[in-house]
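Contents: one structure, followed by commentary.
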Number of protein chains: 2
Amino acid sequence: MNTFAEENYLKAILSLSIQGEELVSTNSIATELNTSAASVSDMLKKLQEKKLIIYKKYKGVALNKQGKSIAVNILRKHRLWETFLVKKLDFNWDEVHDVAEQLEHIKSEELIDKLDSFLYYPKFDPHGEVIPTKEGTIPQTDRVLLSEIEENTNGIVLGVSLDETSFLQYLNKLKIEIGTEIQIFDRIDFDKSVNISINNKKQNISNEVAKHLLIKNK
Amino acid sequence: MNTFAEENYLKAILSLSIQGEELVSTNSIATELNTSAASVSDMLKKLQEKKLIIYKKYKGVALNKQGKSIAVNILRKHRLWETFLVKKLDFNWDEVHDVAEQLEHIKSEELIDKLDSFLYYPKFDPHGEVIPTKEGTIPQTDRVLLSEIEENTNGIVLGVSLDETSFLQYLNKLKIEIGTEIQIFDRIDFDKSVNISINNKKQNISNEVAKHLLIKNK
DNA sequence: AAATAAATTTAGATATATCTAAAAATAAAT
DNA sequence: ATTTATTTTTAGATATATCTAAATTTATTT
């Protein structure tokens with residue numbers, strides 16, 4: 001059985017891997033978890049002893065099979081709990097992250113099975129993110145980040161890849177939610193911001209925001 | 001904010017107080033929490049520094065106002081979660097304790113408010129135990145323990161005061177559940193066991209079991 | 001290629017929560 | 001009222017998870 005701290009490290013490594021780092025650096029984990037690089041080094045040593053990661057000093061870290069399985073399972077629990085909080089308890093999608101961060105560490109496979117069933121086996125969480133299966137796979141979807149989308153196309157917002165209150169509240173302000181149709185015009189070279197329109201209203205979206213918007217090309 | 005361990009100590013002290021110890025002893029806490037008396041002494045010192053208990057060395061401990069408020073709130077959360085697990089997720093009443101022990105430590109007042117509403121503000125948990133109010137009071141009910149009930153009377157099982165799998169499974173075997181009507185005949189002096197009948201079937205109930213059965217006198 | 005900068009690890013501390021063994025205080029028995 | 005037994009506390013260790021500061025390794029510049 002793993003501690004909360006260990007689980008959070010595994011989850012952070014998974015998250016950074018998905019975001020593109022094949023070899024995850026100590027510093028990026030420290031940033032992700034709001035802790036010091038020294039603490040990360042300490043923990044990586046421990047996770048290696050527990051045979052959950054592949055870690056080469058000064059080089060970086062990756063999850064091994066068992067570590068990935070644990071991390072994906074926590075992600076599954078996190079997203080199922082978020083779904084529960086929004087669908088059943090009437091939380092807003094921008095309020096659920098912190099509570100789900102706690103709930104994801106509850107240990108009971110039966111609990112998650114029953115929760116999954118209670119929610120009618122949802123495939124996506126309230127942010128549009130795919131929910132990993134019980135078997136530990138993350139179903140792939142054909143989404144593109146707004147920051148990387150082709151210019152002069154249309155699309156639908158399928159989800160967000162960041163679960164931070166300030167970000168989600170900003171989206172509310174922009175009137176961007178899951179299912180919103182958008183037209184993409186062009187990308188500015190200088191700051192990589194994107195010009196789009198929502199309901200015929202033109203807007204400029206910063207790269208920082210565009211990086212976390214998942215779009216389905218129409 | 002308190003740690004899980006601190007919360008568990010406060011809960012244990014509350015539980016033992018309710019069971020009748022006005023001054024709770026170090027040893028009884030150790031037994032309740034399956035730990036050593038030394039650990040309990042250590043923790044009591046800490047809880048006193050945090051001003052959550054009234055502790056006199058070698059004499060015993062009691063909750064002060066703030067400590068009681070925290071402990072009652074954990075009890076409320078525990079019982080609400082158990083209700084959720086049984087009513088919504090189809091757990092059996094003898095399966096929910098361990099998961100609720102984890103869930104009770106989740107920190108979010110809003111979560112509990114919404115859970116309470118989602119469950120239609122239940123007054124009793126699946127074991128028949130009263131759920132403390134949001135304001136921190138434990139509503140009193142006119143129940144008597146089977147171990148202390150008057151002889152030659154009738155009663156209804158209102159609940160149990162112990163949430164242990166082996167105990168609840170034994171009750172299932174005895175066909176005792178909440179709402180079961182029983183006739184009480186007499187109590188044996190020697191072992192304090194009680195002779196009762198359920199559906200006209202005579203049975204002898206040990207004091208150990210009778211101590212945890214809450215009965216409403218008819 | 002040497003010097004500088006950045007990233008990472010180690011060393012040494014601190015805080016929490018636990019333990020065993022020994023000491024001290026209280027309760028029970030003779 | 002002593003002695004004995006029980007309960008409780010303290011002392012000293014261990015394990016987890018964190019930190020700051022110093023040392024080391026790797027990357028980047030000049």
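The basis for the numbers below is simple: all heavy atoms, side chains too, and nothing from hydrogens, waters or symmetry mates. Proteins come first, then strands; the chains are lettered A, B, ... in the order of their sequence lines, and each starts at number 1.
Rounded to a whole Å, the CG atom of B/Asp42 is 13 Å from the P atom of C/dT20. As a whole-Å value, the separation of B/Lys56 NZ from D/dT8 P is 16 Å. Atom-to-atom, CD of A/Glu49 to P of D/dA15 comes out at 12 Å; the value is rounded to the nearest Å. If you take CG of A/Leu44 and P of C/dT10, they are 11 Å apart, rounded to a whole angstrom. Rounding to whole angstrom units, CD of residue A/Gln48 and P of C/dT9 are separated by 10 Å. Rounded to whole angstrom, the span from the NZ atom of A/Lys50 across to the C1' atom of D/dT16 amounts to 11 Å. B/Asn34 places its CG atom 10 Å from the P atom of C/dC19, with the value rounded to the nearest Å.
A donor-acceptor pair shorter than 3.5 Å cannot be found between the side chains of B/Asn207 and B/Ser193. In the model, B/Glu164 has no side-chain atom that pairs as donor or acceptor with a side-chain atom of B/His97 under 3.5 Å.
Dashed line: the shortest gap from a side-chain N or O of A/Lys57 to OP1 or OP2 of C/dT10 is under 4.0 Å. Considering only side-chain N and O atoms, B/Tyr55 lies under 4.0 angstrom from the phosphate OP1 or OP2 of D/dT9. For C/dT16, the OP1/OP2 oxygens have no side-chain nitrogen or oxygen of B/Thr3 closer than 4.0 Å.
A salt bridge links A/Glu104 with A/Lys11: the distance from a Lys NZ or Arg NE/NH1/NH2 to an Asp or Glu carboxylate oxygen falls below 4.0 Å.
Scanning both residues, A/Ile138 and A/Ile18, for their nearest heavy atoms gives CD1-CD1, 4.1 Å.
Each of C/dC19, D/dT9, D/dT26 was ranked by its minimum atom distance to the side chain of B/Thr35; first place goes to C/dC19. The side chain of A/Tyr58 lies closest to D/dT25, out of D/dT25, D/dT8, D/dA21. Nearest nucleotide to the B/Met43 side chain, out of C/dT18, D/dC19, D/dT8: C/dT18.
Judged by closest nucleotide on DNA chain D, A/Ser39 is the one of A/Lys59 and A/Ser39 placed further toward the 5' end.
Consecutive pairing runs in DNA chain D reach the stem threshold at C:1-30 with D:1-30, where a stem means at least three Watson-Crick or G-U wobble pairs with distances under 3.5 Å.
Taken residue by residue, residues 9-33 of chain B places heavy atoms nearer than 4.0 Å to DNA chain C at B/Tyr9.
Between the side chain of A/Asn2 and the backbone N or O of A/Glu6 there is no donor-acceptor pair closer than 3.5 Å.
Both tests hold for B/Lys88 against B/Phe118: distance to the six-membered ring centre under 6.0 Å, angle to the ring axis within 45°.
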List the steps and the verdict of side-chain contact (heavy atoms from CB on, under 4.5 Å) for A/His127 and A/Asp163. CA-CA 8 Å; A/His127 307 104; A/Asp163 191 5; 3.1 Å; yes
Intermediate values then yes/no, salt bridge (Lys or Arg N to Asp or Glu O under 4.0 Å), A/Lys134 and A/Asp113: CA-CA 8 Å; A/Lys134 184 170 157 62; A/Asp113 287 349; 3.2 Å; yes
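Aromatic pair A/Phe84/A/Phe91: ring centres not closer than 6.0 Å.
A/Ala5 comes within 4.0 angstrom of the backbone, heavy atoms only, and of no base. No contact: B/Phe4 has no heavy atom under 4.0 Å from any strand.
Within 6.0 Å of the NZ atom in A/Lys50, the count of heavy atoms belonging to other residues, nucleotides or ligands exceeds 12.
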